Visitor: 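Mind having a look at this structure? Questions to follow.
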Amino acid sequence: MRISRRAPVGRGLVAVAVSVLLSAATLGCGATDQQTPPPSSPAGGTTTISASPAMSGTATPGSTATPSARPSSPPTSPRPDRVTQRRPGWALDRIDQRRQPLDGRYSSIGQGGGVTVYVVDGLFDVTNAEFGGRASVGLRRGTSCMLESGINHGLFVAGIVAGRHTGVAKQASVVSVGASTGCEGADESSRDKALARIVTALGWVSQHAKRPAVVNLSLNSDRPAPALEAAVERLVAGGLTVVASAGNDGGDACRRPPAGLPGVVTVAAATKNDRDAGLNHGRCVDLFAPAEGVDSVVDAELDPDRVVTSDVTATSWAAPYVSGAAALYLSVHPSASPTDVRAWLIDNSTSGALRGDLHGSPNRLLYTRGPL
């Protein structure tokens with residue numbers, strides 16, 4: 001495929017054409033072969049981090065979601081400083097403010113320190129410098145899912161969670177949990193095997209997770225999956241927050257587990273202009289997150305700067321933004337239950353930000369800067 005490079009501004013970005021089809025009970029990965037025009041802004045260009053005294057974000061009147069029934073606030077840890085990244089990618093810029101236009105900054109209270117995010121996906125290189133030694137391999141099973149563009153699916157997901165320049169929670173620990181043998185095919189036999197690998201991976205997380213923790217599942221099944229449902233139920237019952245992609249086939253997210261399973265935070269895809277991206281939708285969606293033209297981490301062999309922009313939208317990219325936000329909350333409330341975390345993500349989201357037909361999904365967009 002072709003990769004177009006823009007003149008570097010601080011950190012250079014490469015625009016990469018990527019498409020991700022997540023069905024057949026696992027990671028079904030493909031790619032388009034097209035050239036991406038240069039981004040309109042230096043997404044992730046020069047990154048400077050500055051800290052200021054902590055303060056609570058204030059919601060724009062009428063902009064927060066209608067509060068759901070929520071448990072009393074869990075005990076907190078010492079409150080970290082507010083940290084600001086200048087010139088982030090558009091997606092990080094978007095999730096820390098209620099309304100557009102973007103202000104060229106990404107600000108959060110703390111950076112997820114003390115929280116572990118388990119990325120159940122294809123294996124990836126945990127030594128990538130963008131993780132600064134915070135990534136490790138948990139279950140070394142299977143292989144990588146490499147898209148035709150050269151992007152490693154699991155690495156790109158992990159970079160959205162916790163990459164040094166591209167991550168929501170830049171001090172969270174990341175654990176690679178192998179759950180695939182490449183980008184799976186769609187025949188019946190491979191579906192059964194793929195689902196079995198995912199269930200095994202979730203079992204490993206259930207047994208070995210270091211809490212507080214989040215489990216990111218940027219994968220979907222295309223049929224009822226009792227074993228998967230039981231494995232996810234064990235994770236939630238064990239105190240782990242589970243975040244899942246809604247799926248990419250343009251249908252009902254309720255039919256694409258783990259999306260919509262009890263206790264799971266299900267994430268749909270939003271575009272740069274605050275619209276439903278047209279992927280999976282419906283009553284099982286909890287909220288939307290950025291998924292179009294987002295920045296994340298790649299292997300240095302693909303680009304020496306290790307940061308690229310995907311030009312294709314996928315709920316695989318939306319879910320890890322929410323996983324990173326969950327890590328921010330857990331860093332302040334380490335004893336919070338999955339119910340607490342899910343309630344905060346929903347209650348704190350921006351209501352009414354999305355335009356157009358949402359196909360039955362709630363009008364909620366991820367927001368990270370509200371009070372913790």
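Treat the numbers as computed from the prediction; the structure is a model and nothing was measured.
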Visitor: Side chain of Asp305, backbone of Val307: donor and acceptor closer than 3.5 Å?
Guide: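 Not at all, since once roles are kept as given, no pair shorter than 3.5 Å links the two residues.
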Visitor: How close do Gln85 and His165 get, counting heavy atoms only, and between which atoms?
Guide: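 Between these two residues, the closest heavy atoms are NE2-O, 2.9 Å.
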Visitor: Looking only at heavy atoms, what is the nearest atom pair of Trp90 and Gly293, with distance?
Guide: NE1-O, 3.3 Å
Visitor: Do Ser349 and Leu366 come within less than 4.5 Å of each other through their side chains, counting heavy atoms only?
Guide: no
Visitor: Could you tell me whether Arg306 and Glu130 have a side-chain N and a carboxylate O separated by less than 4.0 Å?
Guide: yes
Visitor: With clusters defined by side-chain heavy atoms of hydrophobic residues (ILVMFWY) lying less than 4.5 Å apart, directly or transitively, does Leu358 cluster with Ile95?
Guide: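 No, because Ile95 and Leu358 fall into different hydrophobic clusters, even though each may have its own neighbours under 4.5 Å.
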Visitor: I'd like to know if the side chain of Gln97 reaches the main chain of Asp103, judged simply by a donor and an acceptor atom lying under 3.5 Å from each other, with no hydrogens or angles considered.
Guide: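 Here the side-chain-to-backbone pair exists.
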Visitor: Could you tell me whether the side chains of Asp311 and Thr309 share a donor-acceptor contact shorter than 3.5 Å?
Guide: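 Distance-only check fails for Asp311 and Thr309.
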Visitor: Using side-chain heavy atoms (C-beta onward) and a distance below 4.5 Å, is Val168 in contact with Leu328?
Guide: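 When only atoms from C-beta onward are counted, Leu328 and Val168 do touch, with a gap below 4.5 Å.
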Visitor: So if you build clusters from Ile, Leu, Val, Met, Phe, Trp, Tyr with side-chain heavy-atom gaps below 4.5 Å, do Tyr367 and Val285 land together?
Guide: no
Visitor: State yes or no: do Ile346 and Leu365 share one hydrophobic cluster built from I, L, V, M, F, W and Y residues joined by side-chain heavy-atom distances below 4.5 Å, directly or via other members?
Guide: no
Visitor: Let's go through Asp93 and Arg105 carefully: what are the C-alpha distance in whole Å and the side-chain angles of both, what is the deciding distance for salt bridge (charged side-chain N to carboxylate O under 4.0 Å, His left out) to 0.1 Å, and is it a yes or a no?
Guide: CA-CA 6 Å; Asp93 200 344; Arg105 291 174 172 80; over 6 Å; no
Visitor: Measuring only between side-chain heavy atoms, which start at C-beta, is Ser245 closer than 4.5 Å to Asn220?
Guide: yes
Visitor: Given 3.5 Å as the limit, does a donor-acceptor pair link the side chain of Arg355 with the main chain of Asn273, or not?
Guide: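 Side chain of Arg355 to backbone of Asn273, a donor-acceptor pair under 3.5 Å: yes, one is there.
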Visitor: Between Gly250 and Asn280, what is the shortest heavy-atom contact and its length?
Guide: N-OD1, 2.8 Å
Visitor: Establish whether Val294 and Leu354 are linked, either directly or via other cluster members, by ILVMFWY side-chain heavy-atom contacts under 4.5 Å.
Guide: no
Visitor: Is it true that, when you exclude Arg283 itself, more than 12 heavy atoms of the residues, nucleotides or ligands shown sit nearer than 6.0 Å to its CZ?
Guide: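 Not more than 12 within 6.0 Å, no.
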Visitor: Side-chain donor-acceptor pair under 3.5 Å between Asp295 and Thr166, yes or no?
Guide: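 Judged by distance alone, the side chains do not pair up.
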Visitor: Short question: side chain of Asn248, backbone of Thr315 - any donor-acceptor pair under 3.5 Å?
Guide: yes
Visitor: On the 0 to 90° scale, with breaks at 30° and 60°, tag the Phe156-Trp317 ring pair as parallel, tilted or perpendicular.
Guide: tilted
Visitor: Leu240, Leu219: one ILVMFWY side-chain cluster at the under-4.5 Å cut-off?
Guide: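 They do share one cluster, since a chain of ILVMFWY contacts under 4.5 Å joins Leu240 to Leu219.
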Visitor: Measure the CD-CD distance between Gln111 and Gln171 for me, rounded to the nearest 0.5 Å.
Guide: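 Here the rounded value is 4.0 Å.
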Visitor: Do we see a donor-acceptor contact under 3.5 Å between the side chains of Thr181 and Arg197?
Guide: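 Checked: Thr181/Arg197 side chains pair up, N/O donor to acceptor below 3.5 Å.
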Visitor: Measuring only between side-chain heavy atoms, which start at C-beta, is Ser108 closer than 4.5 Å to Arg369?
Guide: no
Visitor: Would you name the heavy atoms of Gly247 and Leu279 that are closest together and state the gap between them?
Guide: O-CB, 3.7 Å
Visitor: Mind listing the closest non-hydrogen atom pair of Ala259 and Ala253 along with its distance?
Guide: CB-O, 3.5 Å
Visitor: May I ask you to decide whether Arg223 forms a salt bridge with Asp192, counting only side-chain N to carboxylate O separations under 4.0 Å?
Guide: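 A salt bridge links Arg223 with Asp192.
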Visitor: Does Asp252 form a side chain to side chain donor-acceptor pair (under 3.5 Å) with His281? I'd like the steps, not just the answer.
Guide: CA-CA 5 Å; Asp252 184 354; His281 50 260; over 6 Å; no
Visitor: Does a side-chain heavy-atom distance below 4.5 Å link Leu155 with Asp299?
Guide: yes
Visitor: Which pair of heavy atoms, one from Pro88 and one from Gly104, lies closest together, and at what distance?
Guide: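 Looks like CD-O, 3.4 Å.
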Visitor: Using a 4.5 Å cut-off on heavy atoms from C-beta on, say whether the side chain of Asp222 contacts that of Arg191.
Guide: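 In contact.
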Visitor: Do Arg364's NZ or CZ and the ring of Phe288 fall within the cation-pi criteria of under 6.0 Å and 45°?
Guide: no
Visitor: In the structure I gave you, are the side-chain heavy atoms of Leu202 and Leu228 within less than 4.5 Å of one another anywhere?
Guide: yes
Visitor: With a sphere of 6.0 Å drawn around CZ of Arg255, does it hold more than 12 non-hydrogen atoms of other residues, nucleotides or ligands?
Guide: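 For Arg255, atom CZ is not crowded (no more than 12 foreign heavy atoms under 6.0 Å).
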Visitor: Counting N and O atoms only, with roles assigned by atom type, does the side chain of Arg211 sit under 3.5 Å from a partner on the main chain of Gly238, one being a donor and the other an acceptor?
Guide: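 A pair under 3.5 Å: yes.
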Visitor: Is there a side-chain contact between Asp340 and His333 in this structure, where contact means two heavy atoms from C-beta onward sitting under 4.5 Å apart?
Guide: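 No. Closest side-chain heavy atoms not under 4.5 Å.
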Visitor: Which distance, rounded to the nearest 0.5 Å, do you find between the OG of Ser107 and the CG of Leu92?
Guide: 11.5 Å
Visitor: Are Arg99 and Asp274 ion-paired here, with the side-chain N under 4.0 Å from a carboxylate O?
Guide: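 Asp274 and Arg99: not salt-bridged.
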